[in-house]
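Data first, discussion second: the structure below is written as structure tokens.
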Amino acid sequence: MATTIYEAVRDSLVALFKGRWPAFDVFSESIDKTQESGQAELEDYIYLDIIPSGNQPAGRGYTDRSILVDAAIHTKSESNREYLQISQALDELLLPVFRFTDKGDARAITITDLAIKTVDKVLHATFTLSFRDSIEEPEAPPLMEELENRLKTNERM
């Protein structure tokens, strides 16, 4: 189970991409296969880069968050035609709303801009998730109870 909002977004994106392209390796923090001697080069893969890009307080108990997502998609053929087909599928998959589950709560965020470009034979789909997040405030400590005081008066003069 995801412990942060970033992990929840990552896990949902991995499941979403893996569901659409089951033959692709989908990963985020680490690359399971490397180009060591005797191992094949990665062919069809999607690498997700999840970048926290902004947190601003938005009143008591709320924070405005921004998360930049870059999905780097590579196919064995490195064909522009195939990348155009994947681009169309990404539009249908991500727009207009990205849905995920955070700590058991269903969330939906409108994606206002999906930028797609090919760099060095890798297709990049980049978008920002901007949303307001509620923060659980710690329970307030108990109030002080009434205190009884007795003062001794000095009656000597």
Side-chain angles (χ1 to χ4, degrees), residues 1-140:
M1 182 176 155
T3 58
T4 67
I5 191 83
Y6 310 109
E7 291 172 332
V9 166
R10 180 205 59 213
D11 293 350
S12 294
L13 284 169
V14 167
L16 189 66
F17 287 131
K18 196 68 176 157
R20 177 63 177 86
W21 293 285
F24 281 53
D25 288 322
V26 181
F27 49 90
S28 132
E29 278 92 27
S30 62
I31 300 174
D32 294 332
K33 299 176 183 177
T34 58
Q35 295 180 13
E36 295 175 11
S37 61
Q39 279 192 318
E41 186 177 326
L42 284 173
E43 293 177 347
D44 296 335
Y45 68 85
I46 300 172
Y47 179 79
L48 297 171
D49 201 2
I50 311 294
I51 305 164
S53 59
N55 293 323
Q56 291 187 322
R60 187 175 175 179
Y62 295 97
T63 298
D64 285 339
R65 297 192 190 279
S66 290
I67 301 172
L68 178 65
V69 177
D70 178 44
I73 302 164
H74 179 266
T75 62
K76 179 181 179 180
S77 69
E78 296 179 341
S79 155
N80 282 338
R81 182 173 188 258
E82 190 172 14
Y83 285 156
L84 288 173
Q85 292 171 345
I86 292 172
S87 297
Q88 180 64 40
L90 287 168
D91 275 351
E92 295 166 1
L93 196 63
L94 295 170
L95 298 177
V97 176
F98 169 65
R99 299 176 192 286
F100 66 102
T101 303
D102 177 33
K103 297 178 186 168
D105 294 330
R107 309 274 312 252
I109 300 173
T110 302
I111 296 175
T112 57
D113 187 26
L114 175 61
I116 297 176
K117 65 180 176 180
T118 303
V119 178
D120 294 330
K121 299 183 182 181
V122 175
L123 179 72
H124 289 267
T126 306
F127 57 94
T128 301
L129 300 173
S130 297
F131 56 97
R132 181 160 287 172
D133 202 11
S134 62
I135 299 171
E136 293 180 26
E137 291 188 14
E139 192 173 311

*Shortest non-hydrogen contact from H124 to V122?*
CD2-O, 3.4 Å
*Indicate the atoms forming the closest heavy-atom contact of L90 with L123, along with that distance.*
CD1-CD2, 4.2 Å
_is_close_aromatic(F100, F98), centroid dist under 6.0 Å_ = yes
_S66 versus T128, closest heavy-atom pair with distance_ = CB-CG2, 4.3 Å
*asked:* With heavy-atom distances below 4.5 Å as the criterion, would you say the side chains of F27 and Y45 are in contact?
replied: yes
*Between atom CD1 of I46 and atom NE2 of H74, what is the distance when rounded to the nearest 0.5 Å?*
12.5 Å
*asked:* Nearest 0.5 angstrom please: Y6 OH to D102 CG, how far?
replied: 11.0 Å
_Heavy-atom side-chain contact between L13 and L94 under 4.5 Å_ = yes
*Between K18 and F24, is there a donor-acceptor pair closer than 3.5 Å when you use the side chain of the first and the backbone of the second?*
yes
*For residues R107 and D133, determine if any side-chain heavy atom of one lies less than 4.5 Å from a side-chain heavy atom of the other.*
yes
*What residue pairs, at least two apart or across chains, pass side chain to side chain donor-acceptor pair (under 3.5 Å) with a residue in residues 82-93?*
T75-E82, S77-E82, Q88-E92
*If you look at every heavy atom in L68 and S53, which pair is closest and at what distance?*
N-OG, 3.8 Å
*Tell me, do I86 and W21 make a side-chain contact under 4.5 Å, heavy atoms counted?*
yes
*Is there a donor-acceptor pair under 3.5 Å between the side chain of T63 and the backbone N or O of R65?*
no
*Would you indicate whether the side-chain heavy atoms of L129 and V69 approach each other to under 4.5 Å?*
yes
_Closest non-hydrogen atom pair between V97 and A108, with its separation_ = CG1-CB, 3.6 Å
*Spacing of CD1 belonging to I5 relative to NZ belonging to K103, to within rounding of 0.5 Å*: 7.5 Å
*asked:* Could you measure the distance from the CG atom of L16 to the CG atom of L48? Nearest 0.5 Å is fine.
replied: 9.5 Å
